[in-house]
Amino acid sequence: MTERIGIYPGTFDPITLGHADIIRRGSKLVDKLIIGVTTNPSKNPMFSTEERFAMVEREVAAMGLSNVEVVGFNALLVKFAQRQKANVIIRGLRAVADFEYEYQMAGMNQQLDDDIETVFLMADVSLQPIASKLVKEIALYGGDISLFVSEPVRAEVVARVEEIGRKGDY
């Protein structure tokens, strides 16, 4: 039987408890799970690619998952998956709004390589509202993000906000 290799791609800016949930659960579905940390300048990242890669590596190490590897990439997802010999792309869904976009992406990826399946995992109900974009916004306006990220990630985000400056009245 062929080894099942999965890719869980994302910008992880920052990595949240929702991401960690999908990593934990996704790692049970495949023999090897590759967390693909990608660039996406359109998302206006708070952290550099190198910082996000290190953050994800640290969080994955803390989970103690022996079949998970972190790899950086800056390519078309299907091309990255092919280079990694992956046959599964894992995507996390928080809400119905995510599904429409992800469904379209899965269809496009299938057109590019129909040997790679996309698997959708629903986020744990308690984690569904968490989005990296909202975590950054809450932090930038001085809010507490400890319910959404691990303590080490919270500390990194708070430190970055101190560097770039808070927004709004506080």
Side-chain angles (χ1 to χ4, degrees), residues 1-125 127-128 130-133 135-136 148-150 152-153 156-157:
M1 185 169 164
T2 306
E3 182 180 34
R4 289 171 303 177
I5 299 174
I7 300 280
Y8 177 39
T11 51
F12 305 103
D13 184 50
I15 184 170
T16 68
L17 297 178
H19 293 130
D21 176 55
I22 299 298
I23 292 168
R24 260 189 236 90
R25 293 172 45 225
S27 71
K28 296 175 187 174
L29 301 177
V30 294
D31 300 308
K32 178 180 180 181
L33 180 61
I34 298 167
I35 311 304
V37 179
T38 187
T39 58
N40 191 342
S42 69
K43 287 192 173 184
N44 194 20
M46 179 178 274
F47 296 96
S48 71
T49 304
E50 296 77 17
E51 290 169 324
R52 290 183 284 113
F53 184 89
M55 192 183 296
V56 172
E57 267 196 326
R58 184 194 63 235
E59 294 295 302
V60 167
M63 288 184 231
L65 302 171
S66 61
N67 68 330
V68 178
E69 176 184 351
V70 182
V71 177
F73 78 102
N74 183 16
L76 190 63
L77 176 57
V78 169
K79 295 289 185 193
F80 175 66
Q82 290 167 339
R83 280 197 305 265
Q84 300 299 319
K85 298 181 178 20
N87 41 25
V88 177
I89 295 171
I90 294 177
R91 300 297 295 164
L93 296 176
R94 294 175 305 224
V96 174
D98 288 346
F99 180 76
E100 189 172 334
Y101 171 77
E102 294 293 346
Y103 182 76
Q104 184 177 17
M105 290 292 294
M108 296 295 285
N109 288 337
Q110 185 180 39
Q111 293 293 314
L112 295 171
D113 189 333
D114 65 358
D115 289 329
I116 302 173
E117 291 292 336
T118 299
V119 174
F120 298 112
L121 291 179
M122 293 300 299
D124 181 275
V125 174
L127 304 172
Q128 284 179 1
I130 302 173
S132 293
K133 179 181 177 180
V135 168
K136 290 186 290 191
F148 314 121
V149 296
S150 70
V153 171
E156 284 186 73
V157 172

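- Between Ala86 and Ile7, the closest heavy-atom pair is CB-CG1, 3.4 Å.
- A donor-acceptor distance shorter than 3.5 angstrom exists from the side chain of Asp21 to the backbone of Asp124, with no hydrogens or angles considered.
- In this structure, Phe80 and Phe73 have parallel ring planes: the angle between them is below the 30° cut-off, well short of the 60° mark.
- With values rounded to the nearest 0.5 angstrom, Glu117 atom CD is found 12.5 Å from Ile90 atom CD1.
- Of all heavy-atom pairs between Gln128 and Ala123, the closest is NE2-O, 3.1 Å.
- Under the 4.5 Å side-chain criterion, counting only non-hydrogen atoms from C-beta, Arg52 is not in contact with Met46.
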Stepwise side-chain contact (heavy atoms from CB on, under 4.5 Å) check, Val135 with Ile130:
CA-CA 7 Å; Val135 168; Ile130 302 173; 4.1 Å; yes
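- Across all their heavy atoms, Phe120 and Ala106 have their closest contact at CZ-CB, 3.9 Å.
- Distance CD/Glu102 to OG1/Thr118: 8.5 Å, rounded to 0.5 Å.
- Atom OH of Tyr103 is surrounded by 12 or fewer heavy atoms from other residues, nucleotides or ligands within 6.0 Å.
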Could you walk me through whether Val68 and Met63 pass side-chain contact (heavy atoms from CB on, under 4.5 Å), step by step?
CA-CA 10 Å; Val68 178; Met63 288 184 231; over 6 Å; no
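- A distance of 12.0 Å separates CG in Leu77 from NZ in Lys79, rounded to the nearest 0.5 Å.
- A 4.5 Å side-chain heavy-atom check between Met108 and Met105 finds every atom pair outside the cut-off.
- Residues Ile116 and Ile89 are in side-chain contact: their nearest non-hydrogen atoms beyond the backbone lie under 4.5 Å apart.
- Looking at Thr11 and Thr38, their side chains come closer than 4.5 Å, going by heavy atoms from C-beta outward.
- Taking the side chain as every heavy atom from C-beta outward, Met55 and Val153 approach each other to under 4.5 Å.
- Counting only heavy atoms from C-beta outward, the side chains of Leu65 and Leu33 never approach each other to under 4.5 Å.
- Here the side chain of Asp31 pairs no donor or acceptor atom with the backbone of Ile5 at under 3.5 angstrom.
- Separation of atoms CD (Glu69) and CD (Glu57) is listed at 9.0 Å; rounding is to 0.5 Å.
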Stepwise side-chain contact (heavy atoms from CB on, under 4.5 Å) test for Asn87 and Arg4
CA-CA 6 Å; Asn87 41 25; Arg4 289 171 303 177; 4.3 Å; yes
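- For Lys136 against Asp13, the heavy-atom pair with the smallest separation is NZ-OD2, 2.7 Å.
- The closest donor-acceptor contact from the side chain of Arg94 to the backbone of Leu127 lies at 3.5 Å or more, if one exists at all.
- The shortest distance between side-chain heavy atoms of Leu76 and Leu112 falls below 4.5 Å.
- With rounding to the nearest 0.5 angstrom, the NZ atom of Lys85 is 10.5 Å from the CD1 atom of Ile34.
- With a 4.5 Å cut-off on side-chain heavy atoms, Pro14 and Glu156 do not count as touching.
- The heavy-atom pair separating Ile23 from Ile15 by the smallest distance is CD1-CD1, 4.0 Å.
- Classification of Lys32 and Glu3 as a salt-bridged pair fails, no side-chain N sitting under 4.0 Å from a carboxylate O.
- Phe12 and Val56 make their closest contact through CB-CG2, 3.6 Å (heavy atoms, listed as atom of the first residue, atom of the second, distance).
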